[in-house]
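Just follow the structure's listing: the first ligand is 1, and inside any ligand the first atom is 1. Residues: numbered from 1 along the sequence shown.
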Amino acid sequence: MISFEESIATAVAATGTFKKEEVIPLLSIPQETTHGNFSLPCFALAKTLRKAPKIIAEEIASQIVLPLGLSKVEPVNGYLNFFIDRDFLAQSVLEAVAATQLSYGHFAPNNKTVVIDYSSPNIGKELAFHHLRSTMIGNSLARIYKAAGYRVERVNHLGDWGTAFGKLIVMYLREDRKTDPATLDSLTVKELNILYSSFSKASKEEPELEDAARAAFSKLETGDVFYRTLWLAFRAATLKELMRIYNMMGVSFDHYTGESFYEPLMPAVIEELQQKNLMTHSQERDVVMLDEFNLGPCLIRKSDGSTLYATRDLAAAIYRKKEFNFDKCLYVVDLGQSLHFKQVFHVLEKMGREWYTDMYHIPFGVILNQSEDGKWEKGKTRTGTASLLRDVIEAASEKILTFIDEKNPELENKAAVATQIGISALTFNDLKNRRLMDVKFDWDSALSFEGATGPYVQNAHVRLCSIMRKAGYTVNVADVDWKILTDDYSYELIKVLSRKGDRIRQACEIDEPSVLAQYALEIAEAAHRYIHNDRVLGSPEEKARLFLVQSTQVVLENVLDLLGLFPIRAM
Ligand code: ARG
């Protein structure tokens with residue numbers, strides 16, 4: 001599609017006043033429709049041309065040759081107001097939608113690769129509600145980058161290695177549990193969760209359990225076969241439940257390369273650090289000092305030889321660069337790990353890996369729940385008070401199902417639809433604001449069908465689909481009379497649709513799914529207004545109007561998809 005900004009800039013520059021590249025940043029979109037679609041202030045030229053801005057605007061207006069698609073230009077008090085030809089806009093936008101369908105506004109492949117590390121939960125524990133954030137922000141970013149032309153490698157860096165496994169092993173054996181294959185096979189993550197909290201409790205009374213856990217992990221690290229069998233069983237039990245939840249949420253990955261995957265790659269990292277003289281022995285640990293960056297030392301290896309979280313991230317980064325030759329590597333991990341990523345990136349810098357500048361920590365705020373006295377506070381997993389993600393999803397789905405039972409009890413597959421609306425509601429609540437903001441979670445506002453919510457945008461999509469179903473036919477682009485789509489409601493909606501590519505680009509540039517969440521709201525609002533004011537079915541304008549409904553539906557469907565929301569067709 002042509003960009004109106006581009007063609008206005010070219011036409012203005014041809015009058016010998018502004019330079020082309022000066023125009024685009026000055027153009028603004030006026031609030032009032034009566035001021036046109038774009039406004040160009042001429043004040044910046046007053047000094048160089050030694051004329052009043054008002055005169056300059058009038059002179060440009062009298063000389064300019066209007067480009068195709070613009071109907072007029074009006075000089076008003078030093079501004080030039082440009083008006084787009086409404087039927088030209090309708091035609092150029094909707095023809096492009098018809099030609100490209102769901103990929104309208106997407107970008108051609110740019111030959112760049114982005115690795116996105118998201119969700120990455122710790123094995124042995126159930127997904128807590130707060131895990132939703134990394135999972136859904138990462139899932140949406142993966143879709144957005146793909147739409148923006150990148151090759152995307154989606155990585156789940158499972159926390160499947162470390163002392164936590166020593167704790168589980170110690171507790172499992174202490175409770176004298178069976179270790180035959182059938183029992184290990186039927187282990188559930190729920191049991192592991194209980195095991196984990198009993199360890200925490202028991203170790204308060206018997207601190208020596210912590211040493212036992214460290215020793216057990218060391219044994220695991222050195223390849224003890226029995227311990228390894230237990231570890232594999234713990235891992236499998238957690239993965240089974242993880243996959244069930246990911247499937248339900250529509251989330252997937254290209255690689256499940258957890259921390260354990262990097263175990264064999266660790267010696268090479270340590271050797272390189274030693275060779276480059278970067279490792280220092282301090283307080284019984286091997287560390288890389290980062291004083292020059294005003295950061296504390298990065299811990300590489302404990303006194304018993306076991307490696308640490310940071311060591312595994314160093315190995316992972318080096319592996320990813322080699323394997324995928326990425327242009328960008330994103331870590332969608334909560335704000336609390338900022339220091340960790342700064343340290344890892346700087347150690348890579350010191351190792352001489354110039355690509356350390358292509359690594360980005362994409363932090364986000366926490367989920368806050370309201371306590372009984374009305375205070376907003378962070379949910380806590382360790383003490384077991386945080387809600388489990390599956391419980392929250394279940395509760396959300398149940399609430400929506402009650403609603404469907406009231407309004408549309410005959411709906412097909414209503415339980416499945418309710419789950420999809422429930423998950424989408426939780427997702428939208430998470431994505432609607434800038435990711436660094438904490439998310440206040442409140443049932444009523446997240447699940448409402450009014451306001452800035454998932455159900456609200458899904459409902460707009462449902463209404464569009466229902467008009468198409470009732471019509472019973474689809475309109476071909478060649479049969480549309482564009483003049484019909486020039487009233488204010490159609491025009492406002494088409495303007496919104498035309499911004500899709502720009503929003504994808506923006507969301508990708510600042511790694512913000514919220515840009516698209518806000519865009520989904522804009523489409524939903526403009527669509528609701530259009531449907532409300534321009535009667536589609538049974539009107540003399542039916543064909544053209546139905547075509548706009550079809551076009552809006554595909555644009556909205558894809559925007560929902562880019563956010564990781566389910567584009568429901570009936571509710
Ligand atoms: N497993 C970690 C946690 O739950 C997150 C891992 C993030 N990714 C990474 N490459 N460090 O806190």
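Scanning for side chain to side chain contact (heavy atoms under 4.5 Å, CB included) contacts around Ala418 gives Ile400, Leu401, Ile404, with sequence neighbours left out. For the side chain to side chain donor-acceptor pair (under 3.5 Å) test, no residue two or more places apart in sequence or in another chain qualifies with Asn433.
Counting heavy atoms of neighbouring residues, nucleotides and ligands inside a 6.0 Å radius, atom NZ of Lys321 exceeds 12 of them.
Note: Phe165 and Phe217 fail the aromatic proximity criterion, with ring centroids not under 6.0 Å apart.
The contact shell of ligand 1, taken as protein residues with any non-hydrogen atom closer than 4.0 angstrom, comprises Asp117, Ser120, Asn122, His157, Tyr309, Asp313, Tyr331, Val333, Gln337, Phe341.
Using cut-offs of 30° and 60° on the angle between ring planes, the pair Phe441 and Trp443 is perpendicular.
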Residues 307-319, side-chain donor-acceptor partners within the protein, below 3.5 Å, at least two apart:
{"from": "Thr307", "atom 1": "OG1", "to": "Glu221", "atom 2": "OE2", "distance (Å)": "3.4"}
{"from": "Thr307", "atom 1": "OG1", "to": "Arg312", "atom 2": "NH1", "distance (Å)": "3.2"}
{"from": "Tyr309", "atom 1": "OH", "to": "Gln337", "atom 2": "OE1", "distance (Å)": "2.6"}
{"from": "Thr311", "atom 1": "OG1", "to": "Ile300", "atom 2": "O", "distance (Å)": "2.6"}
{"from": "Thr311", "atom 1": "OG1", "to": "Leu308", "atom 2": "N", "distance (Å)": "3.1"}
{"from": "Thr311", "atom 1": "OG1", "to": "Leu308", "atom 2": "O", "distance (Å)": "3.2"}
{"from": "Arg312", "atom 1": "NE", "to": "Glu259", "atom 2": "OE1", "distance (Å)": "2.6"}
{"from": "Arg312", "atom 1": "NH1", "to": "Thr307", "atom 2": "O", "distance (Å)": "3.3"}
{"from": "Arg312", "atom 1": "NH2", "to": "Glu259", "atom 2": "OE1", "distance (Å)": "3.4"}
{"from": "Asp313", "atom 1": "OD2", "to": "His340", "atom 2": "NE2", "distance (Å)": "2.7"}

